[in-house]
Amino acid sequence: YYRALFEIERGNLREAVRQLELSIETARKLGSSLHVFDATMVLARELQVLGFDQKAKRLFRSLLGEFDGGGQSACDRGHVYINAAWGELSVDSDRISDESAEWTREAIAAARECGDRSMLANALLNAALGAVGQGKWRQAREFLSQSEALEDDGLTLLPWRLETEGRIAL
């Protein structure tokens, strides 16, 4: 797992993916569900970066399926829902699936339950981008405004916020 993180920092994503897959396999053999969860999250995000969106989506779905048995915190659920929805929104925000919209709603609920302001800001930004894709301009502005108000430094989500503002303006 840590070797994979090192390879990500080096920009060697092919090796990072290989190390993450090995880490997940080993963690499963050892029964370390927390490690499987963490490594799978990182793997899915890196697959998104590499353009393997469908494979990443399957991994996110598998993580979301694990919530049925409980054991994951609201914060963990929020992160998975945010990343799963973002995977679709970042590829094509003009075609929002019902599944992605549901993941965004779940991310907002989980972030509120968790009490994490930055996670909630991120989830609301996803909601704004999704509303843009559905042509719901007023709702998009509301989500964007709520997201911006929650950001402590105002910079973390700035690139995505500016992109969303631009899409609303067009």
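Note that these values count all heavy atoms, side chains included, but never hydrogens, waters or copies made by symmetry.
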Atom pair CD/CG of Q134 and L129 - distance to nearest 0.5 Å | 10.5 Å
Does R112 have any salt bridge (charged side-chain N to carboxylate O under 4.0 Å, His left out) partners at least two apart in sequence or in another chain, and if so, which?
-> none
What pairs of residues pass the disulfide bond (SG atoms under 2.5 Å apart) test when at least one of them lies in residues 22-66, not counting sequence neighbours?
-> none
For R105, the salt bridge (charged side-chain N to carboxylate O under 4.0 Å, His left out) test, sequence neighbours excluded, returns E102
By side chain to side chain contact (heavy atoms under 4.5 Å, CB included), E165 pairs with (sequence neighbours left out) L144, E148, R161, L162
Report whether I82 and M41 are members of the same hydrophobic cluster (ILVMFWY, side-chain heavy atoms less than 4.5 Å apart, transitive linking).
-> no
Measure from the side-chain N and O atoms of T164 to the backbone N and O of W160, and report whether any donor-acceptor pair falls under 3.5 Å.
-> yes
Going by side-chain heavy atoms closer than 4.5 Å, which hydrophobic residues are tied to V36, directly or by a chain of links?
-> Y1, Y2, L5, I8, L13, V17, L20, I24, V42, L43, L47, V49, L50, F52, L59
What pairs with R141 under side chain to side chain contact (heavy atoms under 4.5 Å, CB included), at least two apart in sequence or on another chain?
-> W137, I168
Looking at A121 and S147, what are the two nearest heavy atoms and their distance?
-> O-OG, 2.7 Å
Which heavy atom in A131 sits nearest to a heavy atom in F143, and how many Å separate them?
-> CB-CD1, 4.4 Å
List for me each residue that meets side chain to side chain donor-acceptor pair (under 3.5 Å) alongside R58, sequence neighbours excluded, and say none if there are none.
-> none
Residues in salt bridge (charged side-chain N to carboxylate O under 4.0 Å, His left out) contact with R14, at least two apart in sequence or another chain = none
Looking at residues at least two apart in the chain, or sitting in another chain, which of them share a salt bridge (charged side-chain N to carboxylate O under 4.0 Å, His left out) with E7?
-> R3, R10
To the nearest 0.5 Å, tell me how far E163 CD sits from L157 CG.
-> 12.0 Å
Is there side-chain contact between L64 and W103, with at least one heavy-atom pair below 4.5 Å?
-> yes
Looking at side-chain heavy atoms only, is the closest gap between N122 and N126 below 4.5 Å?
-> yes
CA sep, side-chain torsions, deciding dist, call: E46, K55, salt bridge (Lys or Arg N to Asp or Glu O under 4.0 Å) = CA-CA 11 Å; E46 293 310 312; K55 188 172 182 179; over 6 Å; no
So disulfide bond (SG atoms under 2.5 Å apart) across residues 107-145, not counting sequence neighbours, yields C75-C114
Same hydrophobic cluster for L125 and V132, using side-chain heavy-atom links shorter than 4.5 Å among ILVMFWY?
-> yes
Can I get a per-line list of side-chain donor-acceptor pairs under 3.5 Å for residues 28-35, giving both atom names and the distance, sequence neighbours left out?
from, atom 1, to, atom 2, distance (Å)
K29, NZ, E25, OE2, 3.3
H35, NE2, S23, OG, 2.5

Does the side chain of Q19 pick up a donor-acceptor pair with the side chain of E15 at under 3.5 Å?
-> yes
Output all residues satisfying side chain to side chain donor-acceptor pair (under 3.5 Å) with D116, sequence neighbours left out; order by chain, then residue number.
-> S118
So do N83 and F60 actually touch side chain to side chain, heavy atoms under 4.5 Å?
-> yes
E106 versus R77: any side-chain heavy-atom pair under 4.5 Å?
-> no
Might you point out which heavy atoms bring G78 and A107 nearest each other, and give the distance in Å?
-> O-CB, 4.2 Å
What distance do I108 atom CD1 and L120 atom CG have between them, rounded to the nearest 0.5 Å?
-> 7.0 Å
